[in-house]
Amino acid sequence: MLSPGEELVKRWEREQVCLKERLLEENTEAWQESGSFSGLARVGGVDLSFIKGDDLNACAQLVVLSYPDMQLLYEDSEMVTLTAPYLPGYLAFRECPPLLQVLKRLEGEKPCLMPQVLFVDGNGLFHYREFGLACHLGVLSDLPCVGVAKNLLQVQGVIRSEDHLSQISALKKAGDSFPLAAATGRILGQALKSSDSSSKPVYVSVGHRISLNTAVRLTHSCCRYRVPEPIRQADIRSREYLRRRFPSGPP
DNA sequence: GCGACAG
DNA sequence: ATCTTGTCGC
């Protein structure tokens, strides 16, 4: 017999394979072909924050910043109840529903502020089955998406080897990067030194409707610190929201 | 048994 | 994700 958990994972895996058919791994927007991204005015970021002892309730956050100035144009915090557990490789099934919900609210209230590209906290193509959260959210929202992970997911032969660490030490200045190649040779993402002062890179991969090269260039151009400003602001503001609403931790 | 394990 | 402040250094 199959445990309920195993049955769930089989369904989720089939769903990833199915949604993957709608994935676009190339540029689809005119601004993406411009060297300076002229025509790009709004970049979004999403994130979820939790209270210490509670993995069911979370704050889903969406921010929209102006490009290239990174000024706040829109912000929304919404308490959500998560239904799915976190399983490595299946983060999207936990986080997508609430993130789509905050996007839906923006569409209803301020459609003119819909971002032209969305930064997602987690991987896109750089994933066990090449369909991480940034791809999943991209396909379901049909927005151009960039996946940015703060930690390396060891996948498809990409490991934290001496060689990987040595490639990291070879990154000299912000904007330097090296490719993350699967055992098959396919390039799944790019390790990017996103600010001069960060020793640890971020891991950029295609989410949807953007090429890897463009995603890396854009990520670099949105970084004041290590984490791209849209994601950083979403993280800061969702945590701030929880602190204000639950000053003494979980009830 | 041991290590890995985006968020 | 979260548990946790200050501190040392550039």
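Naming: A, B, ... by sequence-line order, numbering from 1 per chain.
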**OP:** Please measure how far the C1' atom in dT2(C) lies from the corresponding atom in dC5(B), and state the result in whole Å.
**Re:** 16 Å
**Asked** How far apart are the C-alpha atoms of Q190(A) and S177(A), what are their side-chain angles, what is the distance that settles it, and do they pass the side chain to side chain donor-acceptor pair (under 3.5 Å) test?
**Response** CA-CA 6 Å; Q190(A) 196 88 5; S177(A) 69; 2.9 Å; yes
- Item | Residues R226(A), S198(A); criterion side chain to side chain donor-acceptor pair (under 3.5 Å); working and verdict | CA-CA 6 Å; R226(A) 185 171 85 106; S198(A) 59; 5.6 Å; no
*Under a single-linkage definition using a 4.5 Å side-chain heavy-atom cutoff for Ile, Leu, Val, Met, Phe, Trp and Tyr, are V43(A) and L72(A) assigned to the same hydrophobic cluster?*
yes
Where the side chain of R42(A) meets the backbone of M114(A), is there a donor-acceptor pair that is under 3.5 Å apart?
yes
Check for me, please, whether L100(A) and L91(A) land in the same ILVMFWY cluster - side-chain distances under 4.5 Å, paths through other members count. yes
* To do: Take the angle between the ring planes of F131(A) and H136(A) and call it parallel below 30°, perpendicular above 60°, tilted in between.
  => tilted
Writing each nucleotide of DNA chain B 5' to 3' as (, ), [, ], | or . by Watson-Crick or G-U pairing under 3.5 Å yields .......
request  = May I ask you to decide if L24(A)'s main-chain N or O and H208(A)'s side chain share a donor-acceptor pair within less than 3.5 Å?
outcome  = yes
Applying the Watson-Crick and G-U criteria (both distances under 3.5 angstrom) with [ ] for crossing and | for other-strand pairs, one obtains for DNA chain C ..........
B/S/- along nucleotides 1-7 of chain B (protein heavy atoms under 4.0 Å) is ---SBBB
From CG of N57(A) across to C1' of dA1(C) the rounded distance in Å is 14 Å
*For nucleotides dT4(C) and dG3(B), find the distance between their P atoms and express it as a whole number of Å.*
26 Å
Non-hydrogen side-chain atoms of L82(A) and L48(A) separated by less than 4.5 Å: yes
Separation of dA1(C) atom C1' from R239(A) atom CZ, nearest Å, is 9 Å
Q. Given the rule that I, L, V, M, F, W and Y join up when any side-chain heavy atoms are under 4.5 Å apart, are I231(A) and Y241(A) in one cluster?
A. no
(request) Would you please classify the geometry between the F93(A) ring and the W12(A) ring as parallel, tilted or perpendicular, with 30° and 60° separating the classes? (result) parallel
